[in-house]
Q: 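Structure provided below as C-alpha cells; questions to follow.
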Protein chains: 2
Amino acid sequence: MSLFDMQYVEKSQKMINKVYEMPGLKTCPIEATFSIIGKRWTVLILREMFRGVKQFNRFHENIEGMTSKMLSLRLRELERNKIISRKIISDHPVRVEYELTELGQKLGPLLLLAASFSMRQLPKVIFKDGKSRNPMELTARS
Amino acid sequence: MSLFDMQYVEKSQKMINKVYEMPGLKTCPIEATFSIIGKRWTVLILREMFRGVKQFNRFHENIEGMTSKMLSLRLRELERNKIISRKIISDHPVRVEYELTELGQKLGPLLLLAASFSMRQLPKVIFKDGKSRNPMELTARS
DNA sequence: CAGCATCCGAATAGATACTG
DNA sequence: CAGTATCTATTCGGATGCTG
C-alpha cells in the first residue's frame, strides 16, 4: 500500500483530525514543523545536506540564485533550531563544516515524502517525459 | 518500524540521493512541492480543510492573526495550483464552499508526517507535559 | 457572507563590494 | 574559504474600511 493510495490518504485525513483532539496540545504541530523548514532556501540547503554537502561555498554553488547573505542567514537559523551543527576544522587553512544533527537527519522522511508527492502527483512539472515514477518504498500499515 | 527509526531515516537519506540521480529530471521535486505549500498561512488553511472547514469566514475565525486579504490571496493560489476547488452554492443567500481536490487530498500524508515530526522530535514545543507521543501508524518497509 | 481596495510599514531579499 | 557590510528594490503582510 502506497502512501498516496486513496485508502491511506483518507486515513491520514482522519489522523490529522485526531491530532487536534489530543489533550495537552500547546501549539499546532504542523505549524511548528513548517516554522523550521518553511522559509525560502531552507529546504534546498537541507537537500544539499542530505546529499552530503558540508561546505559554505558548495551550498552557494549548488543552489542557484541564493546569495551568500541568505545562505549565511539560513544556516544560522538551522543551527539555532538544532537541525545542523557547525564544526570548525583546524586544518590549514581553517575550514568550516556543517552537518545534520540527529534531529536534522530525522527530517529525511519528510523531505523524501515532499519529493515523492510532486514526482507522483505532478509528473509533468518534474519529468521531461511527463511520466510519473516513484523511487520510494514508503508504505502505510493497512 | 517507524518512519523516525534511525534505520529508516538513513534509508530515506539514500533515497533522496537517488532522486537526484534520476534521468529526465526537470525540476527539484522538493522545491516543487514547497512552492505549493511553503508560503505563510498555506499549511494552516490546508489543516482547516482537512478538518472539514469549507467556508471563508470559518477559515478566518480559526486561523489566528490571518487577515481576510491573506486568506483570499492564499485561497486563490491553492485554486490555481489545483489543490482546492471553489464551489458556489446557489442557496439563499448564496454561499461559497472550498473543497480539497483529489490532488489536494494527497497532501494529507505529508501534513500528517510534518505534524508527526514535531510531536515526536520536539515534544517540549508541542505538548504541555513535554512528553512525546505519536498518533500515527506510518510505517516503512524494511 | 465573502470578499476587494487602499495605504503603509516591515520584512525579505538582491546587488555589489569587501575582509581575515 | 567563509563569510560580513551596505544599500536598495521588492514583496509581504497588517490595518482599516467598504461592497453586493
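In what follows, chains carry the letters A, B, and so on, assigned in the order in which the sequence lines appear, proteins first and then strands, with residues in each chain numbered from 1. Note that these values count all heavy atoms, side chains included, but never hydrogens, waters or copies made by symmetry.
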Q: Can you see if the side chain of R58(A) gets near the phosphate of dA2(D) - specifically, an N or O under 4.0 Å from OP1 or OP2?
A: no
Q: So which nucleotide from dC12(D), dC1(D), dG3(D) ends up closest to the side chain of Q55(A)?
A: dC1(D)
Q: With a sphere of 6.0 Å drawn around CD of E97(A), does it hold more than 12 non-hydrogen atoms of other residues, nucleotides or ligands?
A: yes
Q: Less than 3.5 Å apart, which donor and acceptor atoms pair up between the side chains of residues 44-51 of chain B and the rest of the protein, not counting sequence neighbours?
A:
none

Q: Side-chain donor-acceptor contacts of residues 81-90 of chain A below 3.5 Å, not counting sequence neighbours, with atom names and distances?
A:
| from | atom 1 | to | atom 2 | distance (Å) |
| --- | --- | --- | --- | --- |
| N81(A) | ND2 | E77(A) | O | 3.3 |
| R86(A) | NE | Y98(A) | OH | 3.4 |

Q: Partners of R58(A) by side-chain hydrogen bond (donor to acceptor under 3.5 Å, both in side chains), sequence neighbours excluded?
A: E61(A)
Q: For S72(B), which residues count as a side-chain contact (heavy atoms from CB on, under 4.5 Å) partner, sequence neighbours excluded?
A: F56(B), R76(B)
Q: Anything under 4.0 Å to a heavy atom of chain B counts; send over the first and last such nucleotide of DNA chain C, read 5' to 3'.
A: dC1(C) to dC7(C)
Q: Spell out, as yes or no, whether a donor-acceptor pair under 3.5 Å connects the side chain of K26(A) to the backbone of G130(B).
A: no
Q: Generate the contact string for nucleotides 14-20 of chain D. Rules: B means base contact, S means sugar-phosphate contact only, - means no protein heavy atom under 4.0 Å.
A: BB-----
Q: Which residue lies toward the 5' end of DNA chain C, R76(B) or E61(B), if each is placed at its nearest nucleotide?
A: E61(B)
Q: Tell me what F59(B) touches on the nucleic acid: a base, only sugar-phosphate, or nothing, going by heavy atoms under 4.0 Å.
A: nothing
Q: Using whole Å, what does the distance between atom P of nucleotide dG13(D) and atom CD1 of I45(B) come to?
A: 11 Å
